[in-house]
Asks: 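My structure is below; once you've seen it, I'll send some questions.
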Number of protein chains: 2
Amino acid sequence: MKKVTIKDVALKTGLSVSSISRVFNNYGDISAETIKKVTLAAKELGYTPNSAAKQLSSKKKKIIALILNEINVTRGVAMPLEILGGVVDNLDKTDYEFVFYATNSKKQNQKSLRQFCNERDITGLIIQGLRISDPYYQELETFDLPTVAIDLDIKNEKVGTVSTDNTKAAFEMTQLLDKAGYKNILFLNGTKTATVAQAREAGYREAVDNAQVYYANFSENEACKWAIEYAKMNDFNKIDAIFAASDLMAIGVIKAFRILDLEKNIAVAGFDDITLASYVTPSLTTVRQDMGKISEYAVKDLICQIEKDEIKHRFVPYQIIERESARLTTDKVKTKFEA
Amino acid sequence: MKKVTIKDVALKTGLSVSSISRVFNNYGDISAETIKKVTLAAKELGYTPNSAAKQLSSKKKKIIALILNEINVTRGVAMPLEILGGVVDNLDKTDYEFVFYATNSKKQNQKSLRQFCNERDITGLIIQGLRISDPYYQELETFDLPTVAIDLDIKNEKVGTVSTDNTKAAFEMTQLLDKAGYKNILFLNGTKTATVAQAREAGYREAVDNAQVYYANFSENEACKWAIEYAKMNDFNKIDAIFAASDLMAIGVIKAFRILDLEKNIAVAGFDDITLASYVTPSLTTVRQDMGKISEYAVKDLICQIEKDEIKHRFVPYQIIERESARLTTDKVKTKFEA
DNA sequence: CTGAAAGCGCTTACAG
DNA sequence: CTGAAAGCGCTTACAG
């Protein structure tokens, strides 16, 4: 099958290339008859405008890139997929083209954000999964293309942000645990270089007097090991609850507690509400992030930024979900809390 | 920041545009000195070749598209993400460009595969998630661009395929259940329109004398409902084991069994080994698909098809994993469902 | 080893 | 309402 171009349609209809282009771009100033003729001919020939040519010749490009960092690190965490699906769905409703780009620290060192955008004629971008230590994170601080960063706290007025209010959510969860009677709450954080980790820790610290914070790299395995090590050096009986900065780490802690036979004594809460959270035993009390809304606003805010130059910093509602691993009310009556 | 083009590099170096192009494409026939000059100037200017222009002007294009169908239907199933990550990683090692495209039945009706490939100058494509009822499935039967289909059985000599040997795996699992003493095995399938469902059912049927097959649309919920309904009309005591065509359905059945208080009586096996499989209680006996290898071969075979015109139909090794939900040997003393 | 020029498939002022 | 022509940023024969 040979490639069919705008010329073929022009030839077939006896019109000029310009006219064909005009009907395909809905330029208004065309007779109904030519529209019909062109549409028909294009259909018969199976013509589709070539996007590379379009990009190259057009002044006003409309291409939005979604950049996801470290997409395949953790089995069981489908968050990148939810964002991908959400962004695609929301972009489908607009006339922007979609470009996906998966990166990692190695690729970041080889090609800068600016280079990528230049190479692909990117109009604006949505970016997620960056850690503070990533080259792209630094680059974003002086970046000047419309950008919305998910779960990131960029000190650049030109970069919009969308995320859960991690600090508030963590604060609230800590308070609820406290109110439920868990007085001595330990916080198991991920890494110091993740924006969300810092925000969650801040919320926890606000809510307690004597903060106890440890790190387990957002890893189930490391969380499990941490708990076992901790048990050797300290008395877990002094701890009433462990609030982990991610569900995966919460699951790791529960696994350790099963080994240590501490399961019934200490409450555990997580963060994210990944799919696993509701399937494990005990099911996880956690903070649910609304990835659907996050993707939706990422797209909306980015387009708003591109078209109206308005930059937004948005928090998307979260939900605190009480399950078996930690009680959130004194009176054992299960209630859902919304924010 | 203004866009820097090949012209700027030419100007800065005093060379012609052609020469710049040559060093960027490693054309050999260039003096070491110009290479150095160009490389330096490009770096200083922050030049990156524009890929749209490159595509448009170049004869030999190298763009591989990954098309994923219905990416965001089932929460908890990260398979599309694993494929995406795998394909990206493997493509990164080559000099092919990567294009991602998420589709669904609605979009398939709006834009044909051929149109998409024409629009984007696609050299070859990897496609996954299609059901037999999908427009693209039909289109693939007469498609003539290099293509590798994952988990699909296309009756087109020009389309390569990569998948688990679903029939053999299902056959083997059924046999292992039988050998372990589960004589009366029921098969709970997904949909009749999924290639993998047909293959798995075939394997099951080969292994049993009196096939009993039901469908639950690959849905956890429907599987749960099915089991409850089945219990009303039939005697579950006659069934020794249920082999579900997906882990999610297996989990649904187990949920129903918990409600029906049948948990200890009937073994359950799944297929896929999704993350949940090892976390639920009882953990799931299942067939593990090697998505890493599947993605790897999809890329390899596609490139082989593009460059050497060799079409492959490949089965990737699977692994049968025994966990708590079903015993797979008679001798091993292991009670069902022990923690 | 290097340059001038045509061309890839479109869009978009500019005329008419 | 329509066409001729320049141009987007590259690549690639063709000369030299």
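What you see is a predicted model, and the numbers here were worked out from it, not measured in a lab. In the text below, chain A, chain B and the rest are named by the order of the sequence lines, each starting its count at 1.
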Asks: What is the distance, rounded to the nearest whole Å, between atom CG of B:Asp8 and atom C1' of D:dG9?
Replies: 11 Å
Asks: So, is B:Thr34 close to the C:dT2 phosphate, meaning a side-chain N or O under 4.0 Å from OP1 or OP2?
Replies: yes
Asks: Going by the side-chain contact (heavy atoms from CB on, under 4.5 Å) test, name the single residue among B:Leu130, B:Leu113, B:Ile67 that passes it with B:Gln108.
Replies: B:Leu130
Asks: Tell me the partner of D:dA4, counting only Watson-Crick (N1-N3 plus N6-O4 or O6-N4) or G-U wobble (N1-O2 and O6-N3) with both under 3.5 Å; none if nothing fits.
Replies: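 By the stated definition (distances under 3.5 Å), nothing pairs with D:dA4.
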Asks: Could you check whether the rings of B:Tyr47 and B:Phe24 sit parallel, tilted or perpendicular, using 30° and 60° as the cut-offs?
Replies: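 The arrangement is perpendicular - the two ring planes meet at more than 60°.
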Asks: How many Å lie between CZ on B:Arg22 and P on C:dA4, as a whole number?
Replies: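 Nearest whole value for this atom pair: 11 Å.
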Asks: In whole Å, what is the span from the CD1 atom of B:Ile20 to the P atom of C:dG3?
Replies: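 In whole Å, C:dG3 P lies 8 Å from B:Ile20 CD1.
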Asks: Check the phosphate of D:dG3 against A:Ser19, side-chain N and O only, distance under 4.0 Å to OP1 or OP2. Yes or no?
Replies: yes
Asks: Looking only at side-chain N and O atoms, does A:Ser57 come under 4.0 Å of OP1 or OP2 in D:dG7?
Replies: no
Asks: Are a donor atom and an acceptor atom from the side chains of B:Asn90 and B:Lys93 found within less than 3.5 Å of each other?
Replies: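 Side-chain D/A pair, B:Asn90 to B:Lys93: present.
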Asks: For residues B:Ser18 and B:Ser21, is any side-chain donor paired with an opposing acceptor at under 3.5 Å?
Replies: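 Judged by distance alone, the side chains do not pair up.
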Asks: Report yes if a side-chain nitrogen or oxygen of B:Ser16 is closer than 4.0 Å to either non-bridging phosphate oxygen (OP1 or OP2) of C:dT2; otherwise report no.
Replies: no
Asks: Among side-chain atoms of B:Glu119 and A:Ser51, is any donor-acceptor pair under 3.5 angstrom?
Replies: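 Checked: B:Glu119/A:Ser51 side chains show no N/O donor-acceptor pair below 3.5 Å.
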Asks: Counting just side-chain N and O atoms, does A:Ser31 come under 4.0 Å of either OP1 or OP2 of D:dT2?
Replies: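 So the side chain of A:Ser31 is within the cut-off, an N or O lying under 4.0 Å from OP1 or OP2 of D:dT2.
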Asks: Between A:Glu33 and A:Lys36, does any NZ, NE, NH1 or NH2 come within less than 4.0 Å of an OD or OE carboxylate oxygen?
Replies: no
Asks: Quickly work out the B:Arg120 CZ to C:dC10 C1' distance and round it to whole Å.
Replies: 16 Å
Asks: Could you please name the partner base of D:dA13, counting Watson-Crick and G-U wobble pairs only when both distances are under 3.5 Å?
Replies: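 For D:dA13, the partner nucleotide comes out as none, under the 3.5 Å rule.
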Asks: Looking at DNA chain D, which of residues 47-56 of chain A put a heavy atom within less than 4.0 Å of it?
Replies: A:Leu56
Asks: Between B:Asn69 and B:Asn104, does the side-chain hydrogen bond (donor to acceptor under 3.5 Å, both in side chains) criterion hold? Intermediate values first, please.
Replies: CA-CA 5 Å; B:Asn69 188 45; B:Asn104 54 45; over 6 Å; no
Asks: How many whole angstroms separate atom NZ of B:Lys37 from atom C1' of C:dC1?
Replies: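 About 12 Å, once rounded to whole Å.
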Asks: Nearest whole angstrom, please: distance from the P of D:dG3 to the CG of A:Leu11.
Replies: 13 Å
Asks: Output the rounded distance in Å from CG (B:Leu45) to C1' (D:dG9).
Replies: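 Going from CG in B:Leu45 over to C1' in D:dG9 covers 15 Å.
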Asks: Would you indicate what A:Ser18 reaches in the nucleic acid, counting non-hydrogen atoms under 4.0 angstrom: base, sugar-phosphate, or nothing?
Replies: base
Asks: For the side chain of B:Ile6, counting heavy atoms from C-beta on, which of D:dT11, D:dA4, C:dA4 is nearest?
Replies: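 Shortest atom-to-atom distance from the side chain points to D:dT11.
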Asks: Is A:Arg120 paired with B:Glu97 through a side-chain N to carboxylate O contact shorter than 4.0 Å?
Replies: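 Here B:Glu97 pairs with A:Arg120 in a salt bridge, since their nearest N and O are under 4.0 Å apart.
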Asks: Please report, rounded to the nearest Å, how far the C1' atom of C:dT11 is from the CG atom of A:Leu15.
Replies: 17 Å
Asks: Counting any heavy atom closer than 4.0 Å, what does B:Ser58 reach on the DNA or RNA strands: base, sugar-phosphate only, or nothing?
Replies: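 The residue B:Ser58 makes sugar-phosphate contact but no base contact.
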